Amino acid sequence: MDAQSAQAIELIRSRMPIRELVGRYVALKPSGKGTWKGLCPFHQEKTPSFQVNEAKGLCYCFGCKSGGDIFAFLQKIEGIEFHEALERLAQETGVELPQYKGRSSGRKEALQILELTQAYFRSHLAGEALQYLQERGLTPASIEQFGLGYAPKSRDGLIKYLQNHGISLQEGLEAGVLMEREGRYFDRFRNRVTFPIQDPLGRIVAFTARALEKDDNPKYLNSPETALFKKSQLLYGYPEARAAIRERGRAVVVEGLFDVIALHQLGFAETVAVLGSSLSNEQAHLLKRAGATELYLAFDSDEAGRKATLQSLNLEIARGFVVYAVLLEGGKDPGDLLLVADGKDRFEAALDAALSEVEYRFEAASAGLDLKRPEHKQKVLEALKPRLISSEPFDQVVEKLKAKVIGALELSPRALEDYLARARTSSGRSGSPARPDRTQGIGLGRPDLTEKRLLRELDVIALLYSVPEEEFLQWALYVEDHTWPPEGSLLAEFMQAARSEQGKNRILKHFEQRGEGARLIDVLMKSPSFERQNLEVHLNVALARVREVYYEMRLDKLKTQLKSVTELDEIRALTKEIQEVLQAIEAERRVYKR
């Protein structure tokens with residue numbers, strides 16, 4: 001991270017107090033000097049354990065261990081990435097980010113063109129287009145909430161509108177709202193109902209438009225993919241659904257845009273739609289960041305819908321959710337439920353009756369087969385084999401699926417395990433890369449010393465985190481020069497991240513992935529405040545304590561080696577080194593005890 005970016009981040013921090021930002025989502029009450037408490041927004045609780053520390057610019061839940069600075073909080077509460085949180089807070093605080101300074105931003109211009117296009121479409125929603133939406137059962141409130149509009153039949157209506165606002169033909173083309181053929185430009189969308197597609201920040205990045213005439217193909221026309229718009233990375237209705245997903249802990253995933261609007265109107269505000277044939281990894285990550293733990297896949301009941309459901313279930317990230325398949329009675333689409341009196345009750349019943357992943361997989365694999373016939377049993381096993389072979393040590397879906405297979409196909413547990421063993425062997429011979437064994441741990445000395453080292457390294461990192469962004473790398477290198485952290489240690493990994501100039505704002509995210517993010521925040525929140533000019537004193541004490549435990553781990557290793565040697569010279573050399581290490585330990589203790 002360059003100096004200009006670091007300065008911009010510090011300026012944003014100074015202009016956006018963490019108490020103000022968190023207070024928009026959490027009811028805070030005073031809890032001591034400069035600290036505030038409230039109910040955690042990331043998990044259900046009755047007693048407040050979520051704390052905001054204004055002086056440190058941090059928030060943290062001592063219950064679920066979620067927290068961070070203003071950027072981390074906004075990322076988690078809104079389900080967005082760091083750069084998106086940075087852009088939003090920069091815009092709100094009036095801070096100009098370096099990448100936009102002194103030059104025009106093409107990204108920003110495209111967003112402005114799309115906003116102008118949306119205004120044009122909205123202003124023309126009347127007559128036949130409005131009547132069509134009303135006939136589908138949509139209320140004025142739903143039409144307004146989702147920003148539905150109408151693209152007139154004219155080939156150049158939008159062109160003229162954009163030109164009146166200073167937008168060139170080329171800019172309209174690059175934004176995806178105009179088309180060009182043999183040097184002639186024309187509106188991309190004509191005589192269609194328009195649906196704006198938003199990114200996680202709620203900015204319009206594309207459009208989908210539904211034809212009003214039966215012979216106008218395709219029925220749904222999308223904007224082309226651009227730098228702003230990647231179908232696999234976005235979910236329709238996500239900004240509108242995010243709060244409900246977080247509150248209810250689940251997401252309903254459908255195929256159609258009308259399905260989303262209809263289910264929101266019926267009260268299922270946690271509904272989103274894929275913008276492709278099935279759920280993608282990126283879309284699943286969005287739902288995970290929004291706080292979903294359960295996914296209800298309500299795709300169409302036809303062959304394409306079943307295929308989309310299975311493709312979604314097969315995603316690696318899908319194993320982090322409890323997944324259900326929703327089947328509507330009579331093969332109806334969710335969007336049709338607005339036209340029946342008991343539509344809400346019907347969908348609620350469909351959710352209650354949703355098939356678990358195990359039941360859905362087995363039904364899909366066995367559809368149309370006679371499970372008494374050996375060759376049909378073989379077909380079921382072949383269809384389920386990819387999911388039955390798992391390297392996860394405690395994969396509940398696999399265990400339940402095995403039980404289902406054993407019972408339904410009348411197999412013995414030993415027969416099934418033998419079949420899967422042969423399948424694994426065959427897979428290994430085919431050259432498929434083996435998945436890492438996640439059950440293996442890596443030890444670094446005695447467990448008590450390893451934990452002691454971790455805690456002391458966290459103390460050092462907490463002190464580094466308190467320095468201004470522009471001084472962060474300088475002090476990080478100071479720590480490295482005075483500790484020489486061993487390979488594989490938390491502090492060594494921290495130094496590698498610091499040298500890559502990620503900035504301290506990304507450090508927490510880095511260690512969340514390692515599994516130490518919550519512990520670092522815990523140390524940060526509990527560490528006492530001190531005057532800025534005393535940083536070096538506090539840091540030198542913390543460094544002495546870290547070096548002490550490094551020497552203790554070295555001593556532990558030397559003592560182990562001493563037990564296994566018999567040569568007199570080796571014994572003398574090890575004994576001498578042990579004495580030197582003991583002296584070094586005592587010297588470090590004098591530093592922090594004086």
Side-chain angles (χ1 to χ4, degrees), residues 24-27 39-44 74-80 84 133-134 136-149 193 195-205 208 234-275 279 283-300 312 321-328 332-354:
R24 299 174 187 176
Y25 303 87
V26 180
L39 294 174
C40 180
F42 305 120
H43 81 290
Q44 296 294 323
L74 191 60
Q75 280 180 256
K76 187 169 182 63
I77 200 77
E78 293 289 358
I80 58 180
E84 295 170 320
L133 296 176
Q134 292 168 341
R136 293 292 300 260
L138 301 188
T139 63
S142 292
I143 293 170
E144 178 69 29
Q145 180 186 11
F146 287 89
L148 305 187
V193 172
F195 301 76
I197 309 298
Q198 297 175 307
D199 68 4
L201 290 176
R203 302 175 303 187
I204 296 172
V205 294
T208 290
L234 300 175
L235 289 161
Y236 180 71
Y238 181 75
E240 293 84 2
R242 184 165 44 215
I245 291 171
R246 184 170 62 247
E247 179 184 344
R248 301 174 189 179
R250 73 180 189 187
V252 177
V253 184
V254 297
E255 285 186 71
L257 310 190
F258 271 115
D259 296 339
V260 170
I261 303 172
L263 290 178
H264 274 251
Q265 188 170 310
L266 290 172
F268 303 96
E270 67 273 30
T271 304
V272 295
V274 296
L275 294 171
L279 190 70
Q283 291 166 339
H285 276 292
L286 280 178
L287 297 174
K288 179 70 73 175
R289 292 206 305 269
T293 57
E294 297 178 339
L295 295 186
Y296 286 79
L297 304 179
F299 295 146
D300 293 346
S312 301
F321 299 96
V322 178
V323 187
Y324 299 92
V326 182
L327 304 175
L328 277 176
K332 284 183 175 292
D333 290 337
D336 298 330
L337 297 178
L338 288 179
L339 302 179
V340 295
D342 60 346
K344 181 176 182 179
D345 293 337
R346 288 194 190 188
F347 195 74
E348 192 69 66
L351 291 178
D352 291 340

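In this text the structure is predicted, and so the values were computed from the model without any measurement.
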Closest non-hydrogen atoms of Gln283 and Val274, given as atom of the first, atom of the second and distance, are OE1-CG1, 3.7 Å
For residues 242-255, dump all side-chain donor-acceptor pairs below 3.5 Å to protein atoms at least two apart in sequence or in another chain.
unit_1 : atom_1 : unit_2 : atom_2 : d
Arg242 : NE     : Glu78  : O      : 2.9
Arg242 : NE     : Glu78  : OE1    : 2.9
Arg242 : NH1    : Glu78  : O      : 2.6
Arg242 : NH1    : Pro200 : O      : 2.8
Arg242 : NH2    : Glu78  : OE1    : 3.0
Arg242 : NH2    : Pro200 : O      : 3.1
Arg246 : NH1    : Ile77  : O      : 2.4
Arg248 : NH1    : Gly267 : O      : 3.3
Arg248 : NH1    : Glu270 : OE1    : 2.4
Arg250 : NE     : Glu270 : OE2    : 2.7
Arg250 : NH2    : Glu270 : OE2    : 2.8
Glu255 : OE2    : Asp300 : N      : 2.7

Grab the two heavy atoms, one from Ala350 and one from Leu328, that are nearest each other, plus how far apart they are.
CB-CD2, 3.8 Å
Looking at Val260 and Gly237, what are the two nearest heavy atoms and their distance?
CG1-CA, 4.3 Å
Candidate pair Asp199 and Leu234, rule side chain to side chain contact (heavy atoms under 4.5 Å, CB included), full reasoning
CA-CA 6 Å; Asp199 68 4; Leu234 300 175; 4.1 Å; yes
Does any part of the side chain of Phe146, heavy atoms only, come nearer than 4.5 Å to the side chain of Leu257, both counted from C-beta?
no
Sorted by chain and number, sequence neighbours left out, ring pair (Phe, Tyr, Trp, His ring centres under 6.0 Å) with Phe42 holds for Phe73
Please enumerate all residues that pass side-chain hydrogen bond (donor to acceptor under 3.5 Å, both in side chains) together with Ser142, with sequence neighbours excluded.
Thr139, Gln265
Any Leu133 side-chain heavy atom under 4.5 Å of Phe258 side chain:
yes
Quick one: pull up CG in Leu138 and CG in Leu338 and give me the separation to the nearest 0.5 Å.
6.0 Å
Just to verify, what does Tyr238 make a ring pair (Phe, Tyr, Trp, His ring centres under 6.0 Å) with, not counting sequence neighbours?
none
For Ala262 versus Pro334, what's the shortest heavy-atom pair and its separation?
CB-O, 4.0 Å
Side-chain contact test, heavy atoms from C-beta onward, threshold under 4.5 Å: evaluate it for Ile261 versus Thr271 and give yes or no.
no
Kindly assign one of parallel, tilted or perpendicular to the pair Phe195 and Tyr236, based on the angle between their ring planes and the thresholds 30° and 60°.
perpendicular
Going by the rule side-chain hydrogen bond (donor to acceptor under 3.5 Å, both in side chains), which residues pair with His43 if we only count those two or more places apart in sequence or in a different chain?
Glu45
Residues 332-345 vs side chain to side chain donor-acceptor pair (under 3.5 Å), sequence neighbours excluded, gives Asp342-Arg346
In chain order, what residues pass the side chain to side chain contact (heavy atoms under 4.5 Å, CB included) check against Glu348, with sequence neighbours excluded?
Phe268, Leu351, Asp352
Rounded to the nearest 0.5 Å, the NE2 atom of His285 sits from the CG atom of Leu279 at a distance of 10.5 Å
Taking all heavy atoms of Ala284 and all of Phe321, pick out the closest pair and write down the distance.
O-CZ, 3.6 Å
Distance check, rounded to the nearest 0.5 Å: Ile143 atom CD1 versus Arg136 atom CZ?
12.0 Å
Can you tell me how far CG of Leu263 sits from CZ of Phe347, rounded to the nearest 0.5 angstrom?
4.5 Å
Find the distance between CD1 (Ile197) and CD1 (Ile204) and round it off to the nearest 0.5 Å.
9.5 Å
So which heavy atom on Val326 is nearest to which on Ala354, and how close?
CG2-CB, 4.1 Å
